[in-house]
J.: 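Just passing along the structure, written as structure tokens.
A note on names: the letters A, B, ... follow the listed sequences, proteins ahead of strands, and every chain is numbered from 1.
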Amino acid sequence: MVTNNNVLIEINSLKKYFPVRSGIFLRVKKYVRAVDGVDLVIKRNETLALVGESGCGKTTIGRTILHLTEPTDGEVVFEGKNLTNASKEELMQLRKGMQIVFQNPYTSLHPRKLVKDIVGEPLKIHTNLSSVEILNKVKETLESVGLREEHMYRYPHEFSGGQRQRIAVARAIILKPKFIVLDEPTSALDVSVQARILNLLNELKEELSLTYLFITHDLAVVDYMADRVAVMYLGKIVELGKKDDIFSKPTHPYTRVLEAAIPIPDPFFKKEKILPKGEVPDPANPPKGCRFHTRCDYSIDKCEKVEPVLENIEGEHYVACHRWREIYK
Amino acid sequence: MKQDTLSMKWKNFVESRKPLIDDWKHTAYLWRKSKLTMIGTFVIVAFIIIAIFAPFIAPYDPIAQDLSKRLQPPSSEHLFGTDQFGRDIFSRVIYGSRIAIQIIVLVSIISGGIGTLVGVFAGYFGGVVDEVLMRITDMFLAFPSLVLAMAFAAAMGPSLTNTIIAISLVYWTVYARLARAEALRVKNMEYIEAERAMGASNFRIIFSHVLPMCISPVLVQLTLRMGTIILTAAGLGFLGLGAQPPTPEWGAMVSDGRNYLVDQWWISTFPGIAIAIVVLGFNLLGDGIRDMLDPRLRR
Amino acid sequence: MEVLLSVKNLRTIFHTYRGVVKALNGVSFDVYKKDFLGIVGETGCGKSVTSLSIMRLIEEPGEIVEGSVVFDGRDLLKLSEEEMQKVRAKEISMIFQEPKMALNPVLKIGFQIAEAISTAEDLSIKSKEVWEKVYEILRAVGLPDPESMAEKYPHELSGGMAQRIMIAMGLVTKPKLLIADEPTSALDVTIQAQILHLIKELVSEMDTTAMIITHNLGIVAEYCERVVIMYAGNVAEIGDVKTIFKEPLHPYTKGLIKAVPVIGTKGKLQTIKGIVPDLVNPPSGCRFHPRCEHAMDICSKELPPIKEVKTGHFVACHLYN
């Protein structure tokens, strides 16, 4: 691919298989194909939403980009540097540029550390600042996420879920990274708190010109946050496009099922009535052909045999479905 | 500017300790609610005080023999009577507390330290490291603890130091398993993953993030085990594999009185009572500490 | 409309180290026969405590200190524990958020359902009648091949299947009221849609009444007919779903609805200022007043009573007095 200055991260045919051991000798019997050949480009200053149900591999992609898990195959290129074969020192430098905010603020903050130590930790690892300089930096950062100086000397359990998530955000932005993986940052929070965290994230994105990979299963939040959307099912991207493409012209049958399944907080909203069929198959043993064919209303013989590839519909809208021409209007 | 830095550091120092004080207040509140824990605490505090002030409490030298006064029953002169060498049993019991404390403290530090480190490394790294370390632990666990301690003590020769080493070598496995379980749980928590996302080294993660989480279950187990340590030490002493005469070790003292048990019951009884009270005290305290640190009771 | 369950002035507290948590501060609402009622609110609003209080499942250090729960003509809070056990076995069923926690891991699921039937109807657990009912209900909750399903252990089930089993256990005794406490929060969206459809379908087929406790306004809007909105241990507003979403009256309800992103939201999301109060030291008067844009003098002094403003639309706010 051509290196483009607009591109921050490029993911090429990324695969991540987790071995499943069983039997007396714990032999590897099969692999869970969490991510099974994904190509994705994340542009500078955009919010790319990665949508799907649990077990579809969206979280694994986030973690592989950050090199928290080694990919089985494929590569991740961050600002032109290949992460998969970077040396330890290079990786350390690259880590300063990317951070993560986890889903559950109750488990992502060390319970025995004071807030000042949690938020100051990245500075301790990556800089040689004095303790007073770190304290000042922590104070500034906490203020930028809407917390106060006195909060520095408390333990995480003294905070509400929303405040904890602010602490986690502060930790993520203190090194002024370029890219943040947001792994369902609001799904453990109440609605009125969620709104404030989402607004905060949008403000910070403007202020620090950040790029987000927003991992979620809530399409309403995607609509509010994202520029582009990638829909995943069982380790594969099934549909990719600009937010408006995905919401006004959902093409893959799975995207349509997903949109119909999300409860909309508006009793007057009229939407397609599709009741999803069946359950998500075992990712260690995904269906042959198109992985969605077991639950798909449009399934034909070809779907059971041939795996569809991402095809361009128009502009930046891609779909992996044999029958998209009939569905797309 | 200098002034400013100093005042900031001072503030940091003071404020950082406030939550700890709150935590202590909460613990004190839970402590007051449990009578048995309070009794246990008083017993152990008294035990420690007696050990510290033994030279002031004990009326006689614990190893001074006075054959003219051998085998005297308890009286106002000799509160717990005298043994076959005319030594004052009360003074020996008092001094015995020093030996007991020495054993407890050293065994706890050695076995707790080895166990925690082994467990944390095994749990955090997993794989081969875990297999090797845990199989070694299993080997130790395969023997009954007293038999193993006897074997070590007999092999190294009977002495107080060897008793301590033998007991430590037996008990570290308990803490290793505990620390491993905790490390396994903690290493998959998101805050450890966040730490790795920042680029922290394994060394930093283990020592400043995983280890502190593993220490409190180990500490609880240590207090619960202190009674057992005394019992084991006394057992070794009783069998002649522990501290050697004339050291006033409680187990050895019980053993000394064996032959006189029918007519001179006091020789064995008083050190035996001392063992019973201290073991009970540690067990009550250990139970109490476990309950106080139980997160379900803390909120 | 006939009232099935009438909760009046319910007060539940919890004794903790930090002091007394006033979890429910005089909660009153009615559930009508054949209702599909949603109880919605944020963490700590008391929605789960309400359902546990109705079922009398509040345990130490919690305590129901005041109020009445009149169900089918009897005050449940005055029943003996034995009588209450009968009500739980036969008349009110409850479904929880974590279906796998509510199932016994060492018993086959067929046996667990059969046990529920046999205690409710006083039949022998081995009788053919009971097992016919087991298979019938398994089929009704959409599980194929009920005979082999009944032979499975809970760990062999997916989250969605386990929740179907819980629904089966809840409805097999034909209860007069089904309480579902966050029944789908642990499930994926596509499974959530299936489960909610199933509950709705079965409840209307069996002519019974359901109370869904949730934090998700989307679920309320899409599945419920009436809704009770709770805030910090009080009922803020009650009404039918369409009215509440179209013309919310309570400032909290208004804020809540505006804070949720809907597909097609333009501009910034609106938020409610401040944070949920600490229920050890709740604000005086109306517990929402420190966060309310319309707060008046009286709001900090008096707790607003719940008043019927229009037919079937109740609100507890001094603005409408």
Side-chain angles (χ1 to χ4, degrees), chain A residues 62-63 65-69 88-89 91-96 98-118 121-126 130-136 138-139 149-158 168 171-172 174-175 177 180-181 183, chain B residues 1-24 26 126-128 130-131 182 185-217 219 293 295-296 298-299:
Chain A
R63 285 173 198 208
I65 293 177
L66 296 183
H67 217 70
L68 288 172
T69 50
K88 245 185 165 175
E89 289 75 38
L91 202 59
M92 195 72 178
Q93 276 307 308
L94 290 171
R95 281 242 151 94
K96 280 166 83 172
M98 37 209 231
Q99 275 303 320
I100 182 164
V101 175
F102 291 98
Q103 167 179 12
N104 189 342
Y106 291 88
T107 56
S108 69
L109 305 177
H110 199 290
R112 301 273 172 82
K113 304 256 176 213
L114 293 172
V115 169
K116 70 169 175 81
D117 294 322
I118 293 172
E121 183 77 7
L123 293 175
K124 282 182 206 153
I125 294 170
H126 286 282
S130 72
S131 62
V132 170
E133 283 168 320
I134 289 181
L135 281 176
N136 278 324
V138 169
K139 190 173 119 190
E149 189 187 348
E150 74 228 42
H151 292 137
M152 283 163 62
Y153 301 102
R154 300 219 190 125
Y155 285 106
H157 70 77
E158 295 172 68
R171 173 174 65 188
I174 196 161
L175 284 173
I180 301 182
V181 174
D183 189 357
Chain B
M1 189 63 203
K2 188 97 188 145
Q3 191 65 38
D4 208 39
T5 312
L6 257 179
S7 75
M8 190 124 183
K9 278 193 170 157
W10 173 245
K11 192 174 166 199
N12 186 25
F13 178 81
V14 174
E15 294 287 331
S16 302
R17 266 133 201 98
K18 271 187 186 161
L20 283 177
I21 295 167
D22 282 348
D23 217 41
W24 271 105
H26 190 175
V128 181
D130 186 31
E131 283 298 316
E182 192 66 12
R185 189 183 69 82
V186 169
K187 84 162 176 189
N188 289 322
M189 299 295 279
E190 283 177 339
Y191 55 79
I192 298 299
E193 201 153 5
E195 200 61 27
R196 274 194 268 136
M198 286 172 215
S201 61
N202 280 334
F203 185 82
R204 186 184 179 89
I205 295 177
I206 289 180
F207 285 97
S208 82
H209 297 270
V210 180
L211 198 61
M213 296 301 289
C214 299
I215 280 176
S216 71
L219 275 182
L293 293 178
R296 275 167 297 171
R298 278 193 89 85
R299 279 296 101 213

J.: Contact part of A:Gln93 toward chain B, heavy-atom cut-off under 4.5 Å: side chain, backbone, both or neither?
T.: neither

J.: Using non-hydrogen atoms and a 4.5 Å limit, figure out which bit of A:His67 sits close to chain B: side chain, backbone, both or neither.
T.: neither

J.: B:Arg185: what forms a salt bridge (charged side-chain N to carboxylate O under 4.0 Å, His left out) with it, not counting sequence neighbours?
T.: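 With neighbours one apart ignored, the set is B:Glu182.
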
J.: Considering only heavy atoms, which portion of A:Leu114 lies under 4.5 Å from any heavy atom of chain B: side chain, backbone, both, or neither?
T.: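 Side chain of A:Leu114 only, per the 4.5 Å heavy-atom cut-off to chain B.
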
J.: Which atoms of A:Ile100 come close to chain B, meaning under 4.5 Å heavy atom to heavy atom: side chain ones, backbone ones, both, or neither?
T.: side chain

J.: Please flag which part of A:Lys113 lies under 4.5 Å from any non-hydrogen atom of chain B: side chain, backbone, both or neither.
T.: side chain

J.: Measuring heavy-atom distances to chain B, does A:Asp183 have an atom under 4.5 Å in its side chain, in its backbone, in both, or in neither?
T.: neither

J.: Quick check on A:Asn104 against chain B: is it the side chain, the backbone, both or neither that has a heavy atom closer than 4.5 Å?
T.: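 Contact with chain B: backbone and side chain both.
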
J.: Using non-hydrogen atoms only, which part of A:Thr107 is less than 4.5 Å away from chain B: side chain, backbone, both, or neither?
T.: both

J.: For side chain to side chain contact (heavy atoms under 4.5 Å, CB included), just list the numbers for A:Leu109 and A:Tyr155, CA-CA rounded to whole Å, side-chain angles, deciding distance to a tenth of an Å, and then say yes or no.
T.: CA-CA 9 Å; A:Leu109 305 177; A:Tyr155 285 106; over 6 Å; no

J.: Is the backbone N or O of B:His209 less than 3.5 Å from a side-chain atom of A:His110, with the two atoms forming a donor-acceptor pair by type?
T.: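 Confirmed, A:His110 side chain pairs with B:His209 backbone.
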
J.: Please flag which part of A:Lys116 lies under 4.5 Å from any non-hydrogen atom of chain B: side chain, backbone, both or neither.
T.: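 When you check distances to chain B, only side chain atoms of A:Lys116 fall under 4.5 Å.
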
J.: Tell me which one of A:Arg154, A:Arg112, A:Lys124 satisfies salt bridge (Lys or Arg N to Asp or Glu O under 4.0 Å) with A:Asp117.
T.: A:Lys124

J.: At a heavy-atom separation under 4.5 Å, does A:Glu121 approach chain B through its side chain, its backbone, both, or neither?
T.: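 The answer is both parts of A:Glu121.
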
J.: Tell me, do A:Ile125 and B:Glu195 make a side-chain contact under 4.5 Å, heavy atoms counted?
T.: yes

J.: Picking from B:Glu193, B:Arg196, B:Arg17, which has the most non-hydrogen pairs under 4.5 angstrom with chain A?
T.: B:Glu193

